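A short worksheet on the structure shown next.
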Amino acid sequence: MTGTEHAVHRSLRTRIRENQRPAAVWVAVLLALVALEAGALVDLAVVLVQGMVKAWPFGNPGMAGIESAKAAAEAIPTLLSRETIPNQGWRTSANGPWTNTFLGLEPMVAWLLRFALTYAYVGVLIGWFLYGYRLYREHYRQADWTPTDDVVRRFRSHSWGKFGFVVVVVFVVMAVFAPTLSPALAEENIENPYSYEMQYFDEETGSVETVFVGQANSQSTSQGAGDDNIGLWQYDDFGRFHPFGTMPNGKDLFTFMMYGARVSLFIGLLSMGIMGAFATVFAMTTAYYKGLVDLAVVIVGDSVMSIPQLLLLILAMAVFNGHWLEGIYNGGLLIALVFGLSGWPGLWRAVRGPAFQVSTEEWVDAARSFGQRPSATMRKHMLPYVVGYLLVYASMTLGGVIIGTAALSFLGIGIDAPTPEWGRAVSLGQPFIATQSWHIAMIPGLLVVAVVTAFNALGDGIRDAIDPQSEGGESETTAAAAGGGGG
Amino acid sequence: MTEVVESDESAREEDVLVEVNGLKKYYDAGSLTGTPVKAVDGVDFDIRRGETLGLVGESGCGKTTLGRTLVHLEAATEGEVLFDGRDVTSLSGSELKRWRRNAQIVFQDPESSLNDRMTVGEIVREPLDVHDWPTLTVRVAGDPDATVTGDAEAVGPTATGRDVDVTVTVSGDDADVAVRDSLPIGPEDLAVDVDSGSTTTVDVELLPSKAQVRRAHVRDLLERVGMQREHYFRYPHQFSGGQRQRIGIARALALEPEFVVLDEPVSALDVSVQAKILNLLEDLQDEFGLTYLFIAHDLAVVRHICDRVAVMYLGNVMELGAADSLFDEPANPYTHSLLSAIPEPDPTIESDPITLRGTPPSPRDPPTGCPFSTRCPAKIRPEAFDDLDDETWAAIDDLHRIVRERGRAERSLRERAREVLGMETRFSDVEDIVVEVFGRLDRTPDTTAERSFEAMMDALPRDVRGPLVDVTDHLRENREEDALERLLDAFGSECDATSPAYYDVDEGGRVSMCHRHDPAYDDVGPVLEERYGDYAGR
Ligand code: SF4
């Protein structure tokens, strides 16, 4: 064994040590970028844990700790936060200057600035990761070409898929940065409006007055008739700016939508995780062992599929009413569980074909011929060929879950008020759809359609990227996913 | 020349590596569908150490299944495979895994045999990782009781060759270390520490990591099969079929097996590349002392590379013997037919190939008697029909095959309904079939005349006509079983009745499975000559 032999084989760590500059610069910039928004990210994590613990039936262990963690998270200086760029303020006199807003700007401008900067930040962050991938390819990867390169290249030239990706990112950012993007905090504006006070300039008295947020809300309602409407891009009488107008009860629709994205995304991802885990394990084992194992899963899967999903959801919501499980995220966890546990057969069937196909490849036999363990064979030689299809169908099914969740809320049995959920906004706004307050139902409806379409487009893009021969099957799978996920 | 083989004592004396006895592989035996597919239906043969045994036959004859069963990719239904005298068909678990190092397989399709998502290096290295190679077996010369500690394990004094990685010769507290050539390490890569107390203890530490040794071994292998060391980080996509096959060969050789099954290793490659791969395989065999089972359908390739050849048909070995003599003087009618299908390299020699009529029967339903009996050009005919001409016989054989086929074909519900309603089904055109088969005989003087069933029957000899009328009647009533029975009853022979034994057909131990080697019958060569004249492939 010669010295050069050792030199050629270097681990990634050695390769980085030998050429530190690009990696060091990249990591430093990344850390700086993350540090800018660390507060927002920690806050999201704390909120998720809090939701779990709140509903825990056996006391609330460490609730105090979580509260202090939350306080600490809020104390982390964050560049793009409500504190740095506040948009809620008041005039000191009629047509006088604004106080308490960022640089004395009017609330709309301040909010818009914060909104735009947040998306710019995310754009930079994504760009930085893409740049990192390129750095890795140029400086650290030992193979000059990998099959992934082709996939990336094909996806980059797939405009429909890229459109889907962009919209999905917009949606995910809504969920992650909801407190930053909203004109008001959900806690103050939606959940406990009578616990918070606000100030405004009252033209009648000619002075700055203080009211409960709830009182202000009740005078800013949108109910169609007369001047009882705060529509798109309008201020209310209290100097508050409403990008999407207000809801029938005067709450801010935009805030409602941002926080609603959190709930949708949580349910979507969790149910997708459950479905994906079942589908993957079953697809691998049935394709590897075939025969009786396959038959057993087919029977179980068909039985599960034969239960109408909507009925099951209604049943579960009724049975678990008041149960602690139902308390977690106002029923969000329960919905996700039902979707996940009843939806996996669809996903499994979608990937069963590709899994069987790859299981007949000779390299799987080759692995058996030198005694590779079945689990390792499935992971190394079969899963990589199935995971793409899994992503495709998962992203398409995810749209269905989002629609299903909205449908439940629309029917009044999904996520409990006051937690925002898009379907409930559609339901609340439905009586006013023909009036000037059309925005209440229309905007959430359009957003649901946009997000579901985007997930389908993303799925299409991934599929065409991993399997260049599949072009033309587009309409078919889209229809299948829409039909299968309707809930 | 014509003696039933009693035992294979003589073969056993030669150094036999693999011995196959009565091996059977049936698919879905015992399932609800009833009859199993008899892919391999009882074969016996030996493979001698260092030789290349060819396995030829048409596709679907079971040769690939046989090869896969030998490397334990399929579980044998019955019979045994002795590897170095030990039956390996019943191995499982860690014993099976250990044994797998000895027997590897090179697959037919280089497109499918390499995982495209792994680099070439990862592919060739995977078997090494699975077996935690190198095990570093150490023999302490002259001291079988010595204890070995550290990264290595001791082997007994009988182990030789590949089984001994390191040999340590102890003199006092010093040790002389020798490392087997084909390992990518030298004595300088080992830290050997000898403690000669009451019993000698040898402590062996491997200085480079095992991963480094493996990677070096993979690079050596890549170079050995004609790739470059730098190809370690490339992906299979970046290589041509021939190069991919080289990678597959490197993977099969990574664990240093003794026995390699080559499953049509060149048939998916360009002709220009085939010869290179074949040469590589021969070189590797010489260098590593490999034993090959070479599965192929291309007889020219087999003749070039194989020492002995087994000819398979429908799950049975029809003839087995030294390649040269088998090709020069085929004994079995099936071998004759296969050889006569090879295009004559010299176009001035006029010869007609013996065209095999029909397709092989389904392995789910092999014929009774000799497996080749439905298509055999030399099939024994009953003496009563000695003077019946060959064309009529061909027609009778055709009819026989058709009746067999019909018996197998499932009738759909729709056809059954049509039958009940008295409508025409595809099974009702019996007379047309008979006219079609026998009409070709051209017995009527006026060939342009419309041949009626009756006219055609009248033209046949009386002793043929009788049974045929019965057969037609049975078929009309959809009693294929009875029709078949009547056919066999009238025209059948020993070939349909009993499965032939193996006969020794030359001094070199060549065996062939055919009743014609029985002195009671005429031998194959003269019969074929009589029936086909100057046929090719003799
Ligand atoms: S036994 Fe009969 S059918 Fe079989 S090969 Fe010999 S002659 Fe042909």
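Quantities reported herein were computed from a predicted structural model and do not represent experimental measurements. Each chain gets a letter, A, B and so on, in the order its sequence line appears, and its residues count up from 1.
Between B:L73 and A:D365, the shortest heavy-atom contact is CD2-O, 3.4 Å.
At a 4.5 Å heavy-atom cutoff, the contact between B:L255 and chain A is made by side-chain atoms alone. For B:R98, no part lies under 4.5 angstrom from a heavy atom of chain A. Both the backbone and the side chain of B:R117 come within less than 4.5 Å of a heavy atom in chain A. The part of B:H131 that comes within reach of chain A is its side chain, from C-beta onward, which places non-hydrogen atoms under 4.5 angstrom from that chain.
Counting heavy atoms of neighbouring residues, nucleotides and ligands inside a 6.0 Å radius, atom CD of B:E223 exceeds 12 of them. Heavy atoms of other residues, nucleotides or ligands lying less than 6.0 angstrom from CG of A:L130 number more than 12. Dense packing is recorded around CZ of B:F239, with more than 12 heavy atoms of other residues, nucleotides or ligands lying under 6.0 Å away. For A:Y131, the OH atom is loosely surrounded, since the number of other residues' heavy atoms within 6.0 Å does not exceed 12.
Annotation: cation-pi geometry not satisfied between B:R101 and A:F370 (NZ/CZ under 6.0 angstrom from ring centroid, within 45° of ring axis).
Heavy-atom pairs under 4.5 Å with chain A were tallied for B:H237, B:Q104, B:E122, B:K97; the largest tally goes to B:Q104. Each of B:L183, B:V71, B:D109, B:D129 has some count of heavy-atom pairs under 4.5 Å with chain A, and the biggest count is that of B:D109.
Using a 4.5 Å heavy-atom cutoff, the side chains of A:W363 and B:I123 are not in contact. Looking at heavy atoms from C-beta onward, B:M118 lies in side-chain contact with A:H381 at the 4.5 angstrom threshold.
Atom-to-atom distance recorded for B:R234:CZ and A:Q142:CD is 13.0 Å, nearest 0.5 angstrom. Between the OG atom of B:S113 and the CD atom of A:E362 there is a distance of 6.0 Å, given to the nearest 0.5 Å. Remark: A:T377 OG1 to B:N115 CG distance equals 10.5 Å, nearest 0.5 Å. Put simply, CG on A:D144 and OH on B:Y235 are 10.0 Å apart, with the number rounded to the nearest 0.5 Å. The OG atom of A:S369 sits 9.5 Å away from the CZ atom of B:R68 when rounded to the nearest 0.5 Å.
Under 4.0 Å is where a charged nitrogen must lie from a carboxylate oxygen, and between A:K380 and B:E126 at least one such pair does.
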